[in-house]
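Every chain is numbered from 1, with letters handed out A, B, ... down the list of sequences.
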Number of protein chains: 2
Amino acid sequence: MGVNPRSGGRRATLREVAAELGVAPSTVSNAYNRPDQLSAALRERVFETARRLGYPGPDPLARGLRRRRAGAVGVLYDTRLSYAFADPAEVLFLQGVSMVTEEEGLGVLLLSGAPGEERDPEVISGAVVDGFILYSMADGDPLVEAALGRRLPIVIVDQPRIGDVQIVGIDDESAARSAAEHVVGLGHRRFGVVTFGLAPGARDGIADLERQAAATYRVSRSRLQGYAAAITDVGVSWADVPVYECAENVPEKGRIATEALLSRDPRPAAILTSSDQLALGVLEAARRSGLSVPRDLSVVGFDDVPEAARATPPLTTVHQPHVEKGLLAGRNLLAQLRNEETTDPTLLPTRLVVRGSTTRPRTHR
Amino acid sequence: MGVNPRSGGRRATLREVAAELGVAPSTVSNAYNRPDQLSAALRERVFETARRLGYPGPDPLARGLRRRRAGAVGVLYDTRLSYAFADPAEVLFLQGVSMVTEEEGLGVLLLSGAPGEERDPEVISGAVVDGFILYSMADGDPLVEAALGRRLPIVIVDQPRIGDVQIVGIDDESAARSAAEHVVGLGHRRFGVVTFGLAPGARDGIADLERQAAATYRVSRSRLQGYAAAITDVGVSWADVPVYECAENVPEKGRIATEALLSRDPRPAAILTSSDQLALGVLEAARRSGLSVPRDLSVVGFDDVPEAARATPPLTTVHQPHVEKGLLAGRNLLAQLRNEETTDPTLLPTRLVVRGSTTRPRTHR
DNA sequence: CTGAAAGCGCTTACAG
DNA sequence: CTGAAAGCGCTTACAG
């Protein structure tokens with residue numbers, strides 16, 4: 001217990017080291033930044049004096065201002081960071097990003113623009129970064145505007161293109177469509193859909209056609225469209241398919257959604273989701289209500305996170321290369337920082353992975 | 001394909017906006033920072049001019065230098081960030097940290113000091129942060145020195161105390177000991193241990209007593225000591241217990257370690273690990289070699305990450321409150337930043353969670 | 001309500 | 001090899 005002991009004394013500055021030693025500030029600066037500009041002996045004396053005075057080396061803020069670079073890239077989410085960390089897909093993405101920043105000696109500054117009362121554009125305007133990666137923000141989000149306004153290099157992930165900004169993503173609609181076609185092909189006709197948020201300030205509950213049409217998260221919108229296309233194709237009216245929206249992309253919410261869907265008449269025999277996180281919750285709901293997956297209920301995830309293969313039963317899902325998405329986003333941003341050529345748009349491949357959570361409907365003959 | 005279009009034109013500065021409008025720079029600054037210092041009308045004109053000139057608002061680097069604050073806290077790992085992200089325990093910790101930084105409008109700057117050729121202290125000296133959280137760094141790591149040298153508020157997690165620095169952690173030794181006592185109590189006498197790295201530049205393979213003694217990661221050292229204490233207590237010589245060190249804390253390495261341990265004579269009937277990540281790999285190795293857990297092999301994890309409960313069979317492990325650890329570290333750092341009182345040391349409670357991966361040895365009578 | 005002045009801590013040509 | 005000068009872009013008392 002006690003007041004922090006380190007916050008006390010002023011730190012010494014470069015100027016003070018120079019004064020103490022009787023040399024010019026530039027000489028001290030050179031000792032740190034350009035060893036070839038002074039004798040080894042003098043350099044050692046500089047360091048020695050710095051040590052004695054408690055000078056911690058050039059202040060990064062001052063150096064950054066002078067050199068016009070922050071040494072970090074910002075990754076912006078519009079959810080709370082704790083939700084982002086809870087989703088393995090996002091963590092894998094971050095892994096990819098960090099592989100490239102690490103190599104470059106850049107830090108990764110995690111920024112949260114969680115929608116809510118105190119959504120402060122300061123998050124963006126105050127971020128000490130050299131560029132931004134925007135991760136699945138909603139169309140028209142003011143924080144995206146703010147980021148664009150900073151006039152720094154930007155890479156946008158899982159969002160529609162804005163002007164000439166670089167983008168990285170997958171073809172969500174056709175990936176979702178292929179997943180739905182798989183289930184349709186098995187003979188299913190009674191569907192339920194569990195989607196993550198459709199727009200900032202997402203709510204929990206059935207989303208009618210109007211709300212679906214108003215979806216501003218591009219990923220949510222595209223996946224629903226893909227599902228709708230495959231289902232409509234086979235003569236089922238999309239208006240009859242209940243779509244349950246979950247405010248957060250966590251298994252718990254998927255479970256609650258499924259409990260609601262299963263209590264409907266007719267009871268869905270196949271549930272399509274927009275993430276494995278949600279699908280894991282669907283599995284849990286089935287377990288709790290004594291339904292066997294896939295015999296009584298087919299379940300389809302999206303993402304193919306490692307947990308999907310380990311689930312009981314293993315999840316049929318859409319695989320997408322999360323780490324690579326992060327790598328590409330990172331590399332693209334880096335290229336921009338260096339004024340190099342960049343490749344864009346980058347649409348990564350996906351594929352349907354059929355595992356044990358889907359089969360033909362029970363009453364199918 | 002093309003050169004980044006955003007990197008072109010110079011950004012306007014506050015000074016230019018002021019000049020364009022014919023007011024003093026301080027007035028423009030006030031428009032952004034102290035709305036009460038000028039009329040609403042003038043303020044609007046300032047913003048309008050800023051928009052017209054493409055002025056993105058005060059530069060965070062310059063503002064930070066002037067105000068003497070960076071607006072971010074640094075979290076330092078000595079592994080590659082991608083390994084950190086791979087371990088749910090570390091992600092949960094980060095979740096906790098980010099909950100408090102988020103509330104404060106601070107960013108989280110992830111810093112990697114992965115041991116290796118080009119281990120650059122610049123990672124520390126160049127980090128634009130207001131304080132550091134050091135996560136399980138090795139004793140005597142030069143980066144720790146460097147961080148201390150910055151003379152910023154610091155919280156150290158899962159490390160021994162250094163001087164008067166604030167610390168957060170658990171009692172690793174007694175937690176490990178209780179886990180080993182559980183297995184010993186079941187009647188086990190033939191053990192194997194799978195540990196994560198003992199020192200920077202960790203290697204894969206059996207670690208003899210000498211190497212164990214030289215361990216500089218406090219967590220690794222303490223957990224081994226706890227295991228040793230319980231095992232020695234029951235008359236088994238610790239020198240006879242093979243300890244396999246894994247360079248990375250990933251299931252894959254745990255599997256490889258276990259394959260090596262299982263090929264030894266006598267074959268271990270119980271394997272103690274220093275993490276669930278590693279224990280998950282032990283399970284996989286057992287599966288591959290046709291051994292049934294727990295019938296043929298008892299397995300103990302450490303951490304109680306969510307995956308532990310979901311594993312087949314569910315892992316017996318030591319629970320520790322990862323999110324709370326992050327919360328406490330974050331809160332302590334924040335308190336220091338505000339020059340408030342801090343509580344230290346903070347040792348969080350742990351508890352042994354007995355699940356399905358441990359039972360009495362097969363030949364026990 | 002507005003502006004002139006000083007300065008946050010450093011780096012970078014440039015001249016010697 | 002060393003140093004004087006200018007300036008990175010801003011904010012903060014302070015005087016009016």
Distance, nearest 0.5 Å, that separates [atom1] of [X] from [atom2] of [Y]:
| X | Y | atom1 | atom2 | result |
| --- | --- | --- | --- | --- |
| B:I156 | B:I162 | CD1 | CD1 | 3.5 Å |
| A:L53 | A:E48 | CG | CD | 9.5 Å |
| B:I167 | B:Q159 | CD1 | CD | 9.5 Å |

Charged N-O contact under 4.0 Å between A:R63 and B:E122: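 Yes, this pair counts.
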
Flag the pair A:R11 and A:D59 as a salt bridge only when some basic side-chain nitrogen lies within less than 4.0 angstrom of an acidic carboxylate oxygen.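 No, A:R11 and A:D59 are not salt-bridged.
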
Taking any heavy-atom pair under 4.0 Å as a contact, classify A:L61: base, sugar-phosphate, or nothing.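 Nothing, no heavy atom under 4.0 Å.
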
Heavy atoms only, 4.0 Å cut-off, all strands: where does A:L38 land among base, sugar-phosphate and nothing?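 The answer is sugar-phosphate, as A:L38 gets under 4.0 Å only of primed atoms, P, OP1 or OP2.
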
Between the protein and nucleotides 10-13 of chain C, are there any N/O to N/O pairs under 3.5 Å, and if so, what are the atom names and distances?
residue, atom, partner, partner atom, Å
C:dC10, OP1, A:Y55, OH, 2.7
C:dC10, OP1, A:D59, N, 2.9
C:dC10, OP2, A:L14, N, 2.5
C:dT11, OP1, A:N33, ND2, 2.8
C:dT11, OP1, A:R63, NE, 2.9
C:dT11, OP1, A:R63, NH2, 3.2
C:dT11, OP2, A:S29, OG, 2.6
C:dT11, OP2, A:N33, ND2, 3.2
C:dT11, O2, A:R66, NH1, 2.8

Where DNA chain C forms stems, i.e. three or more consecutive Watson-Crick or G-U pairs with both distances under 3.5 Å: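 Stems for DNA chain C, defined as runs of 3 or more consecutive pairs: C:1-3 with D:14-16, C:5-12 with D:5-12, C:14-16 with D:1-3.
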
Length of the line joining [X]:[atom1] and [N]:[atom2], which is rounded to integer Å:
| X | N | atom1 | atom2 | answer |
| --- | --- | --- | --- | --- |
| B:R69 | C:dG9 | CZ | C1' | 18 Å |
| A:L65 | C:dC8 | CG | P | 13 Å |
| B:R11 | D:dG9 | CZ | P | 9 Å |

Scan nucleotides 14-16 of chain D against the protein and return all N/O pairs shorter than 3.5 Å with their distances rounded to 0.1 Å.
none

Run the salt bridge (Lys or Arg N to Asp or Glu O under 4.0 Å) test against B:R218 and tell me which residues pass, sequence neighbours left out.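 Expected list: B:D172.
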
Could you tell me whether the side chain of B:L134 reaches within less than 4.5 Å of the side chain of B:V144, counting heavy atoms only?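 SC-SC contact between B:V144 and B:L134 confirmed.
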
Do A:L334 and A:E104 touch side chain to side chain, with heavy atoms closer than 4.5 Å?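 A side-chain contact under 4.5 Å exists here.
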
Using the side chain to side chain donor-acceptor pair (under 3.5 Å) rule, collect all pairs that involve residues 36-46 of chain B, keeping only residues at least two apart or in two chains.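 Those involving residues 36-46 of chain B do not exist here.
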
Looking at D:dC1, I'd like to know if its phosphate oxygens (OP1 or OP2) sit under 4.0 Å from a side-chain N or O belonging to A:S39.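 So the side chain of A:S39 is outside the cut-off, no N or O lying under 4.0 Å from OP1 or OP2 of D:dC1.
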
Pair listing, ring-ring contact (aromatic ring centres under 6.0 Å, His included) test, anchored in residues 56-78 of chain B, at least two apart: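 Passing the test, one end in residues 56-78 of chain B: B:Y77-B:Y135.
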
Side-chain H-bond candidate by donor/acceptor type, A:T342 with A:Q336, under 3.5 Å: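 Result is no, nothing qualifies.
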
